[in-house]
Participant: 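Sharing a structure below in structure tokens format, with a few things to ask.
Numbers here simply count residues along the sequence, with the first being 1.
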Amino acid sequence: KIVCTSSKIFSETKKELFNNQNAVYIPQAVDTDLFNSISDNEKKKIRIKQNIKEDAFTLLFCGMPVYRKGFDIIIKLWPKIVENIPNAILIVLGPNKHRSLNDDSLPSSQLNDLLKRKENKESIFFIGEVENPDIYYKMSDVFLLPSRKEGFPNALLEAMSSKLPS
């Protein structure tokens, strides 16, 4: 089967593949029972459980730390963010290793340099891939999506469902 996540892609696929019966349209969706907003008190409890300071101003990035996703923009701006918001922390969810040959990954030396800085060791947390990303959305204050090129990302839908400003 060829799964299409938009009606435009579906119609183009059917047209290009001569009305192929293997194409199906399945729109993107988010489990709104799982991705939702919670009270400040519940947010603090989750932060404590995840070893995050309960008064931290938490920014969330979901995706590979690659150029296309704009992760280099976050790296460049992070010192300014921490200067203006001293209790800011950045949580990075997603694969830590570059997987695609068609995407420009940030050099591992650049990521290592970022993590070696003393101020960053206490303010940037690479969590990796998780089975329960909803917890991180719930405990965050802002969702970051500085992407240079993106379709209609599930991460943004999840952030919107969680009532996170982006």
Side-chain angles (χ1 to χ4, degrees), residues 5-6 28-100 102-166:
T5 58
S6 78
Q28 290 174 294
V30 172
D31 183 347
T32 56
D33 290 331
L34 194 60
F35 291 92
N36 54 39
S37 63
I38 58 173
S39 72
D40 288 341
N41 196 33
E42 289 176 280
K43 188 181 283 196
K44 286 178 184 181
K45 287 178 186 175
I46 292 174
R47 287 180 180 173
I48 291 167
K49 191 173 182 179
Q50 297 296 321
N51 294 317
I52 300 293
K53 293 178 183 173
E54 62 182 86
D55 67 337
F57 185 79
T58 307
L59 295 96
L60 177 65
F61 173 85
C62 297
M64 285 192 296
V66 295
Y67 179 82
R68 181 176 55 82
K69 295 282 189 180
F71 193 72
D72 60 305
I73 296 168
I74 297 172
I75 290 173
K76 184 178 178 182
L77 294 176
W78 191 248
K80 206 57 145 167
I81 291 170
V82 172
E83 179 183 315
N84 288 294
I85 309 169
N87 63 332
I89 65 163
L90 172 63
I91 294 176
V92 180
L93 289 187
N96 292 333
K97 298 200 180 206
H98 180 63
R99 292 185 175 172
S100 170
N102 298 323
D103 201 350
D104 298 321
S105 65
L106 296 175
S108 57
S109 61
Q110 189 177 3
L111 284 175
N112 287 336
D113 289 345
L114 173 72
L115 292 174
K116 284 180 186 173
R117 293 186 207 143
K118 183 180 184 274
E119 68 275 9
N120 292 344
K121 285 182 181 180
E122 298 171 5
S123 65
I124 299 177
F125 302 91
F126 284 87
I127 306 298
E129 295 178 87
V130 296
E131 289 185 23
N132 56 345
D134 59 295
I135 290 172
Y136 295 93
Y137 285 89
K138 287 176 179 164
M139 66 181 237
S140 296
D141 296 302
V142 173
F143 178 72
L144 299 177
L145 185 69
S147 247
R148 289 181 170 85
K149 183 177 180 182
E150 202 66 63
F152 194 60
N154 281 339
L156 180 59
L157 293 175
E158 293 164 352
M160 292 168 67
S161 182
S162 301
K163 309 284 189 272
L164 281 178
S166 301

Participant: Starting at CG of Leu156, measure out to CG of Leu164 and round the result to the nearest 0.5 Å.
Facilitator: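 Spacing of CG (Leu156) from CG (Leu164) equals 10.5 Å.
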
Participant: Return the CG to OG1 distance between Asp141 and Thr58, rounded to the nearest 0.5 Å.
Facilitator: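 Taking CG in Asp141 and OG1 in Thr58, the distance rounds to 5.0 Å.
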
Participant: Could you tell me which residues satisfy side-chain contact (heavy atoms from CB on, under 4.5 Å) with Asp33, sequence neighbours excluded, listed by chain and number?
Facilitator: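 Only Asp31 meet the side-chain contact (heavy atoms from CB on, under 4.5 Å) criterion with Asp33.
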
Participant: Side chains of Asn87 and Lys53: closer than 4.5 Å at any heavy-atom pair?
Facilitator: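 Counting from C-beta outward, Asn87 and Lys53 never come under 4.5 Å.
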
Participant: Among residues at least two apart in sequence or on other chains, which ones pass ring pair (Phe, Tyr, Trp, His ring centres under 6.0 Å) with Tyr136?
Facilitator: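 In terms of ring pair (Phe, Tyr, Trp, His ring centres under 6.0 Å), with neighbours along the sequence ignored, Tyr136 is linked to no residue.
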
Participant: Give the C-alpha distance, both sets of side-chain angles, the deciding distance and a yes or no for side chain to side chain contact (heavy atoms under 4.5 Å, CB included) between Phe143 and Ser162.
Facilitator: CA-CA 10 Å; Phe143 178 72; Ser162 301; over 6 Å; no

Participant: Using the side-chain contact (heavy atoms from CB on, under 4.5 Å) rule, pick out the option among Val92, Leu60, Leu90 that qualifies with Leu144.
Facilitator: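 By the side-chain contact (heavy atoms from CB on, under 4.5 Å) criterion, Leu144 pairs with just one of Val92, Leu60, Leu90: Leu90.
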
Participant: Can you list the steps and then say if Glu150 with Lys69 is a side chain to side chain contact (heavy atoms under 4.5 Å, CB included)?
Facilitator: CA-CA 8 Å; Glu150 202 66 63; Lys69 295 282 189 180; 3.0 Å; yes

Participant: Can Ile81 and Phe57 be said to form a side chain to side chain contact (heavy atoms under 4.5 Å, CB included), step by step?
Facilitator: CA-CA 11 Å; Ile81 291 170; Phe57 185 79; over 6 Å; no

Participant: Indicate yes or no for a side-chain donor-acceptor contact from Arg47 to the backbone of Ile52 under 3.5 Å, with no hydrogens or angles considered.
Facilitator: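 Not confirmed, Arg47 side chain does not pair with Ile52 backbone.
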
Participant: Please identify each residue that fulfils ring pair (Phe, Tyr, Trp, His ring centres under 6.0 Å) with Phe35, with sequence neighbours left out.
Facilitator: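 Phe35: ring pair (Phe, Tyr, Trp, His ring centres under 6.0 Å) contacts with Tyr137.
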
Participant: If every non-hydrogen atom of Ala88 is compared with every non-hydrogen atom of Ser123, which pair is closest and at what distance?
Facilitator: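 The pair with the smallest heavy-atom distance is O-CB, 3.6 Å.
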
Participant: Assess whether a salt bridge exists between Glu54 and Lys43, defined as any Lys/Arg side-chain N lying under 4.0 Å from an Asp/Glu carboxylate O.
Facilitator: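 So Glu54 does not pair with Lys43 through a salt bridge.
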
Participant: So how far is it from Ile91 CD1 to Ile135 CD1, rounded to the nearest 0.5 Å?
Facilitator: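 That separation rounds to 11.0 Å.
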
Participant: When rounded to the nearest 0.5 angstrom, what distance separates CD1 in Ile38 from NZ in Lys138?
Facilitator: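 Separation between the atoms: 6.5 Å.
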
Participant: Please round to the nearest 0.5 Å and tell me the distance separating atom CD1 of Ile127 and atom CZ of Phe61.
Facilitator: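 Ile127 atom CD1 to Phe61 atom CZ measures 13.5 Å (nearest 0.5 Å).
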
Participant: Nearest 0.5 Å, what's the CG-CD distance between Asp40 and Glu42?
Facilitator: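 Spacing of CG (Asp40) from CD (Glu42) equals 9.5 Å.
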
